[in-house]
Every structure is written in structure tokens, then in C-alpha cells.
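Have a look at the structure below, then the notes.
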There are 2 protein chains.
Amino acid sequence: MVDILHRVGVKAVTPEKVYEALTTVEGLAGWWTDDTKGDGDVGGVLQFRFPPVGGFDMRVVELLPPERVAWRVVDGPEEWVGTTIDWELRQSGDYTIVLFSHEGWREPGEFMHHCSTKWGSFLLSLKALLETGVGAPAPRDMEISDWH
Amino acid sequence: MVDILHRVGVKAVTPEKVYEALTTVEGLAGWWTDDTKGDGDVGGVLQFRFPPVGGFDMRVVELLPPERVAWRVVDGPEEWVGTTIDWELRQSGDYTIVLFSHEGWREPGEFMHHCSTKWGSFLLSLKALLETGVGAPAPRDMEISDWH
């Protein structure tokens with residue numbers, strides 16, 4: 001089992017504001033994909049779509065405001081189904097630190113390499129949204145390769 | 001043992017050009033850090049510095065032009081010493097695909113999370129250098145957190 005790990009710091013933004021961007025449809029749509037729907041409460045399912053290539057359904061498995069958010073992937077690419085995504089937030093000086101992990105990958109294949117870089121770019125989109133008011137969600141996300 | 005993995009695609013650039021940016025002091029200085037010195041041949045040591053916080057010495061352990069580059073970290077932060085960094089390049093349509101791995105981490109600690117995101121941002125700097133002529137090496141690198 002191999003994991004994707006990331007860390008960013010969001011400057012002059014509280015953990016509460018970051019938590020909101022991870023737990024509300026409006027917040028998520030501001031940095032990950034315009035096409036976000038669903039129920040962000042524990043047990044609910046959030047639906048993220050990236051037309052025309054598909055997307056992910058995430059069941060919210062844990063919420064501990066404003067410190068922790070955890071999702072389990074219940075639909076999407078075969079490599080993603082059953083994996084878990086954890087977000088840990090904490091204040092450090094003038095920053096909110098975001099520790100991200102996407103765990104439970106069965107193989108460190110080329111698609112996982114891609115998803116690692118792409119998650120990094122979306123975390124920078126989350127940071128930009130919160131610091132400047134403008135994120136880069138799909139379809140305005142950063143193109144990192146032939147796989148978008 | 002846990003690894004940092006990334007994948008980017010460099011558009012309309014040959015594997016030979018990407019290889020050059022990974023194996024010459026001038027190329028490396030264009031996307032990673034201005035303060036790059038040393039010997040990029042097999043067995044040589046490349047020195048990357050990020051004033052004022054230190055840096056890394058990498059021994060070049062394999063070169064297979066224009067497909068593969070491998071380094072071993074021989075000096076730098078304790079977590080990095082003894083780890084290996086591999087670059088695999090291949091043409092795919094109009095892109096050169098770069099598969100990156102930084103292997104041999106002993107613990108998936110917070111510093112590793114940071115390095116994963118930071119490597120992703122430097123791979124985007126490599127891509128930008130080759131596609132546009134302008135990378136974002138230190139000290140003009142993207143600030144991702146309180147740890148820079």
C-alpha cells in the first residue's frame with residue numbers, strides 16, 4: 001500500500017475557513033471542480049465531476065470541525081474505489097497547515113503518479129481560493145500533462 | 001518505506017531536451033535552484049543550495065540518455081540522506097512524459113508531506129522552463145507554506 005501525501009500552508013486564513021472549503025458544496029466547487037454536488041454531512045455522498053472524463057463519489061466518513069475531514073471513495077476510477085482521503089488542519093502562527101493524505105492505493109502505477117501531482121496542484125488551488133478569493137477548479141484547472 | 005511519486009507531461013519538447021534540463025548545471029539551475037554546482041556525470045556530485053536554509057548533494061548513480069536519470073542523496077537533511085531520486089522520460093504523442101520518484105523515506109512525516117508538494121511545484125517549474133523558457137527556480141520558487 002502506498003499513499004499520496006501533501007502539505008500546504010494557507011496564509012492569514014483560519015482553520016474554520018479552510019474547513020468550510022472542504023465541507024460545503026460551494027467551497028469545494030471553488031477549488032476542485034465547478035461540477036460539485038451532494039451532501040457534505042457525515043454519511044452523505046459528495047459527487048465531483050470533471051466533464052467529459054468522469055469523476056468521483058466520496059462518502060464523508062468523519063468530520064471534526066475545524067480539524068479533520070475524511071472521505072472514502074465509493075465510485076470512480078477502479079484504482080480509487082475503496083481508497084480514503086484525509087485532511088488534517090491546524091493553526092501554526094499566521095498559517096493554517098493542511099496535511100493531506102490519499103491512502104490505500106494498491107499499486108504505485110503511472111495513474112497514481114499523475115494523481116499525486118494533480119492533487120498537489122488542486123491543493124495550491126485551495127490555497128489560492130482562500131488567500132485571494134480565486135481558485136482554479138476544473139475546467140479552469142492547471143494542465144499538467146497529456147492526461148490534463 | 002514510502003515514496004513520493006509525480007507525473008508531468010512536457011508539451012512539444014523532446015526527451016533529449018528534458019534530459020538536458022536534468023543533467024546539466026545550466027538546465028538544473030533553470031527550474032530547481034539558481035545555486036546549482038557540481039559534476040553531472042555518473043559518479044559525480046551535484047550540489048543544490050537554497051540560501052539561507054541549506055540544500056542537497058546528489059551523487060549521479062545512473063544516466064541512460066534520454067530515458068533515465070538517477071541520483072542518491074549523499075548530504076542534506078537527515079530524512080533525505082540515503083534516499084534515491086529517479087527520473088524516467090519517454091515520448092508519448094506530442095509530449096515527453098516525466099515519471100518521478102523519490103524513494104526510501106523511512107517515515108511519512110510532515111516534512112515528507114511538504115517535500116511531496118514542493119517536488120510537484122518544481123516539476124511544474126521544469127515543465128514551464130521547457131515549454132516557455134522561464135522556470136521558477138529558488139529563490140523565485142512558488143511559496144507553498146510557512147516552510148516556503
Side-chain angles (χ1 to χ4, degrees), chain A residues 1-13 18 79 85-105 107-128 130-132 136 141-148, chain B residues 1-13 18 79 85-105 107-128 130-132 136 141-148:
Chain A
M1 301 254 278
V2 282
D3 304 337
I4 293 172
L5 306 174
H6 286 292
R7 179 188 189 277
V8 295
V10 187
K11 194 170 184 177
V13 173
V18 180
E79 295 94 330
I85 291 157
D86 277 87
W87 304 86
E88 291 185 26
L89 313 177
R90 71 161 202 279
Q91 184 98 35
S92 176
D94 195 28
Y95 286 81
T96 292
I97 303 304
V98 180
L99 285 181
F100 169 92
S101 60
H102 184 174
E103 302 185 350
W105 291 79
E107 297 285 344
E110 191 161 341
F111 182 54
M112 183 181 170
H113 288 67
H114 165 77
C115 293
S116 173
T117 314
K118 199 74 192 177
W119 269 127
S121 74
F122 279 121
L123 286 174
L124 295 173
S125 167
L126 169 68
K127 174 175 163 71
L130 292 162
E131 291 178 351
T132 72
D141 52 323
M142 191 189 308
E143 198 169 314
I144 65 167
S145 74
D146 54 334
W147 289 351
H148 199 90
Chain B
M1 302 251 279
V2 282
D3 305 336
I4 294 171
L5 307 174
H6 286 293
R7 180 189 189 274
V8 295
V10 188
K11 195 170 183 176
V13 173
V18 180
E79 296 93 329
I85 290 157
D86 278 86
W87 303 86
E88 291 185 26
L89 312 177
R90 72 162 200 279
Q91 183 100 34
S92 177
D94 194 30
Y95 286 81
T96 292
I97 304 304
V98 180
L99 286 181
F100 168 93
S101 60
H102 184 173
E103 303 185 349
W105 291 78
E107 296 286 340
E110 192 162 340
F111 183 53
M112 182 180 172
H113 289 65
H114 165 77
C115 293
S116 174
T117 314
K118 199 75 192 177
W119 269 126
S121 74
F122 280 120
L123 286 174
L124 295 173
S125 168
L126 170 67
K127 175 176 162 71
L130 292 163
E131 292 178 350
T132 72
D141 54 321
M142 189 188 308
E143 197 169 313
I144 66 167
S145 74
D146 55 333
W147 289 351
H148 200 89

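The sequence lines fix the lettering, A, B, ..., with proteins before strands; numbering per chain opens at 1. For the numbers below, each heavy atom of this structure counts, side chains included, while hydrogens, waters and symmetry mates do not.
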Given the options A/Lys127, A/His114, A/Arg7, which has more heavy-atom pairs under 4.5 Å with chain B than any of the others? A/Arg7
CG (B/Asp3) and OG (A/Ser116) are apart, to the nearest 0.5 Å, by 10.5 Å
Heavy-atom distance under 4.5 Å to chain B: side chain of A/Ile144, backbone, both or neither? both
How close do B/Met142 and B/Lys118 get, heavy atom to heavy atom, and via which atoms? O-NZ, 2.7 Å
Counting heavy-atom pairs under 4.5 Å with chain A, which one of B/Arg90, B/Glu143, B/Met112 comes out on top? B/Arg90
Please give me the minimum heavy-atom distance between B/Val10 and B/Val98, naming the atom from each residue. CG2-CG2, 4.1 Å
So do A/Cys115 and A/Ile4 actually touch side chain to side chain, heavy atoms under 4.5 Å? yes
Centroid-to-centroid, A/Trp119 to A/His6, below 6.0 Å? no
Please classify the contact between A/Phe100 and chain B as side chain, backbone, both or neither, with a heavy-atom cut-off of under 4.5 Å. backbone
Who wins among A/Glu110, A/His113, A/Lys11 for the most heavy-atom pairs under 4.5 Å with chain B? A/His113
